[in-house]
Amino acid sequence: MNPLDRYERLVDDVEAFRDACDRPLPSVVRVNELRATPERVRAAFAEEGVTYEQVDWNDRLFRLPDGSPGTSWPYVHGWLHGQEEVSALPALALDPDPGDRVWDACAAPGSKTCHLADLMDNSGVLIGNDNNLGRLSALRHNAERLGVSNLVVTNDDARNFTTDNLGVDSLDGVAGRSPAASRTQFDGAVADVPCSCEGTCRKNPDVLEKWSMGHVKGLVGIQKGVLRRAIDLTRPGGDVVYSTCTFAPEENEAVVDHAIRTTDAEMVEWDAPLETAPGITEWEDQTFDESLQKAHRVYPHQNDTGGFFVAKLRVGGAESDATGDADETTEVEA
Ligand SMILES: C[S@@+](CC[C@H](N)C(=O)[O-])C[C@H]1O[C@@H](n2cnc3c(N)ncnc32)[C@H](O)[C@@H]1O
């Protein structure tokens, strides 16, 4: 069975969806602002004769019609990171501030971790965790090339992750914050969970041949556990971004629906910078919370990208104080 058949009733244009899924994926790079600016990269491309196209929804992303620049000097020197367009969405959705404490639960090989560090301006503390030691060496290599210096790498099952294993009393000390606000909680987290990867079919057509509902069901328990842990470790008012590169509602809306029914986290609006479809509220015999419409589905034909799903949740409820200031005041008074 081709799993894409399942989604024909969800998309606005079935033919365009199927055509896009059959086309190869454009090669894209993100400008790493820890080392360069879009202007400097444009100048380097002109000097090196690299043909590029600015991605219309983000001036830090360039399409390279002639393929990856893996050996070019701007790449080797960490000005660029080869990263699918939609892979930029989780860090943009979390939108961390410099100085924040951020957990990337499933981080390897590090595209989103390094993007988070870039948005945090290499300040605060960023914990990049993955349970696969082999993949963590790719994360370390990427972080070094891109000049990331606020990263602590951990190798744990995200479902049981605890900051106790870091050997620090408080993340605040590591993040250079006042000890008055000390607590081992994160300001934000990204749960970019392992998934059935249907949305990567443009670069790995094998994923569709190997697809099985048994595999999807096996992943759901891990996905729920990782998202739950990210919510538990994030302070009230902090945000958690859940993402996958698959279309399967069992791994997307159903997982987020379970989280909002079993915790105090709620879906929040996030204006995605590219064309998306809203999350769905019904699938086969399941009904999901109406707020799941605030999630974003990205189908390949909409922006000529891979497929993706992203949902943004706020711990303590959608109306809770996103700055965390109220929380800190309470702790100081206590
Ligand atoms: C979609 S990939 C992450 C990609 C990464 N965020 C990036 O942008 O480069 C999912 C990752 O989850 C990791 N993983 C799978 N199960 C895990 C678990 N229980 N705890 C932590 N990481 C896990 C896999 O090793 C894999 O690296």
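Order of appearance sets the numbers: ligands from 1, and atoms from 1 within every ligand. Remember, it's a predicted structure, so these values are computed and weren't measured experimentally.
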K.L.:
Can you see which heavy atom on Q223 is nearest to which on V255, and at what distance?
P.N.:
OE1-CG2, 3.8 Å
K.L.:
Check the side chains of W283 and E250 for a donor-acceptor pair under 3.5 angstrom, ignoring hydrogens and angles.
P.N.:
yes
K.L.:
Tell me which residues fall inside the under-4.0 Å heavy-atom shell around ligand 1.
P.N.:
A105, C106, A107, A108, P109, G110, S111, K112, N129, D130, N131, N132, R135, D156, D157, A158, R159, D192, V193, P194, I222
K.L.:
With sequence neighbours left out, write down each residue that passes ring-ring contact (aromatic ring centres under 6.0 Å, His included) with F288, or none if nothing qualifies.
P.N.:
none
K.L.:
Regarding D5 and R18, does a basic nitrogen lie under 4.0 Å from an acidic carboxylate oxygen?
P.N.:
yes
K.L.:
Where is the tightest heavy-atom contact between W270 and L92, given as atom of each residue plus distance?
P.N.:
NE1-O, 3.8 Å
K.L.:
For the pair D304 and R202, find out whether any cationic side-chain nitrogen is under 4.0 Å from an anionic carboxylate oxygen.
P.N.:
yes
